[in-house]
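What follows is one structure encoded as structure tokens, with my remarks underneath.
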Amino acid sequence: MTISFAPLEGITGYIFRNLHHEMFPGADSYYTPFWASTVDSPLAGRGLSDMLPENNQDIPVIPQLLTNQAAAFLPAARMLRDMGYEEVNLNLGCPSGTVFSKKKGSGFLTQPQEMDRFFHEVFSADLGIKVSVKTRVGADSPEEWADILAVYDRYPIHELTIHPRIRKDFYKGEVRMETFRYAAEHTGLPLCYNGDLNSAQDCRDFFVAFPSVTHVMAGRGFVANPALARELKGGPALNKAELQTFHDRLVAAYQETLFGDRPVLGKMKELWFYMGVMFQGADKPLKAIRKAKSLSDYSFAAQALFRDCDLIPGGKFYQD
Ligand SMILES: Cc1cc2nc3c(=O)[nH]c(=O)nc-3n(C[C@H](O)[C@H](O)[C@H](O)COP(=O)(O)O)c2cc1C
């Protein structure tokens, strides 16, 4: 039974990852947010610094790339292999408009023949690093899924993580469990499940429903409750004091690495979108957090929330 921290662009970068791994051990691996590899820039900039081994010491990390060109993927994968990574993950799920219109992420799912060519090139190369895939089950309709899965099935993909939504769903609505079940029954590839596992109990229920699948990945629910993996493995539930320490140390770590208040504020406000649901009666301080224009306003509001609001017993992230 293994649980990974899903990649969340803008949230689970190496600063967050290091602190999370130190304070809430339990995740078996962390996927990095994607780096959009191109032929001219297979791996550089922010993506490279997020994946550098010195920024991820003693953390089980699986780097993720986003591209639809083997000529961009291969050099990036080789760089990662040379850094010591054993696995690289390909993003075939990102629903964002710019990514989709370039036929990358979930956009690539609309082109099964090109996908087939891509994988043929990738798996024909002597890469020396395992290639895993994180996918949605279609772009416009779940009817696309059987053909997409048939492409994956032709290749020795190390593991297929399935987020059973189509691109049009973005992150909302019920997950389409029948498409995951179809995969569990029709492919020989090792599977990992991702989607709406927001508590340890959600994970346990999943493992009961799919006893042949031993790997799950959690994202938003894991950000809301950083102790989710610890709880799944029999450890204590999240408590407010440790969440506050995590929060305060995260603010300090972002202040050290980001330039100025604004990016720190942006990161922390996004975090509260998830963490806020864990607290009872937190509407007022959450509003003050959202409205804060300086770090001192922000800190005042965040400290008020921790002081005045308690964690909801058994609380978990939910999507409106
Ligand atoms: C803000 C945000 C950023 C995300 N960034 C990535 C990413 O970089 N790579 C990726 O594969 N998925 C990304 N995802 C999708 C998540 O990894 C995950 O598949 C999705 O949130 C569903 O899982 P969950 O219900 O456990 O959150 C992102 C999702 C969100 C909400």
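As the structure lists them, so they are numbered: ligands from 1, and atoms in each ligand from 1. Here the structure is a predicted model, which means the values were calculated and not measured. Numbers here are sequence positions counted from 1.
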**Request:** With sequence neighbours excluded, give me every ring pair (Phe, Tyr, Trp, His ring centres under 6.0 Å) pair touching residues 61-111.
**Result:** Phe73-Phe118, Phe108-Phe118
NZ/NE/NH1/NH2 to OD/OE distance under 4.0 Å, [X] and [Y]:
X: Lys172; Y: Asp196; result: no
X: Arg136; Y: Asp169; result: no
X: Asp308; Y: Lys284; result: no
X: Asp310; Y: Lys240; result: yes

**Request:** State if Gly195 counts as touching ligand 1 under the rule of any non-hydrogen atom under 4.0 Å.
**Result:** yes
**Close approach, Ala218 and ligand 1, non-hydrogen under 4.0 angstrom** =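 Judged by the 4.0 Å heavy-atom criterion, Ala218 does count as contacting ligand 1.
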Nearest to [atom], what protein heavy atom do you find, and at what distance?
atom: atom 12 (N) of ligand 1; result: Lys134 NZ, 3.0 Å
atom: atom 31 (C) of ligand 1; result: Tyr274 OH, 3.5 Å
atom: atom 18 (C) of ligand 1; result: Asn194 OD1, 3.4 Å
atom: atom 20 (C) of ligand 1; result: Tyr171 CE2, 3.6 Å

For [Y] together with [X], are the ring centres under 6.0 Å from each other?
X: Tyr193; Y: His163; answer: no
X: Phe24; Y: Phe5; answer: no
X: Tyr298; Y: His247; answer: yes

Under 4.0 Å from a heavy atom of [X]: which atoms of ligand 1 are those, numbered in the order shown and with their elements?
X: Ala6; result: 17 (O)
X: Asp196; result: 24 (P), 25 (O), 26 (O)
X: Asn91; result: 9 (N), 10 (C), 11 (O)
X: His163; result: 22 (C)
X: Gly219; result: 24 (P), 26 (O), 27 (O)
X: Leu8; result: 2 (C), 3 (C), 4 (C), 5 (N), 28 (C), 29 (C), 30 (C), 31 (C)
X: Pro33; result: 8 (O)

**Over-ring placement of Arg230 relative to Phe222, 6.0 Å and 45° cut-offs** = no
**Asked** Which option, Arg220, Glu9, Arg165, Gln64, owns the non-hydrogen atom nearest atom 11 (O) of ligand 1?
**Response**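 Checking each option, the heavy atom nearest atom 11 (O) of ligand 1 is found in Gln64.
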**Message:** I'd like the name of whichever of Pro7, Cys94, Gly13, Pro164 reaches closest to atom 7 (C) of ligand 1 through any heavy atom.
**Reply:** Pro7
**Message:** For Gln244, give me all partners under side-chain hydrogen bond (donor to acceptor under 3.5 Å, both in side chains), at least two apart in sequence or on another chain.
**Reply:**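 Gln244 satisfies side-chain hydrogen bond (donor to acceptor under 3.5 Å, both in side chains) with Gln303 only.
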**Item:** Region of Tyr31 that comes within reach of ligand 1 [heavy atoms, distance under 4.0 Å]
**Value:**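 None of Tyr31 does.
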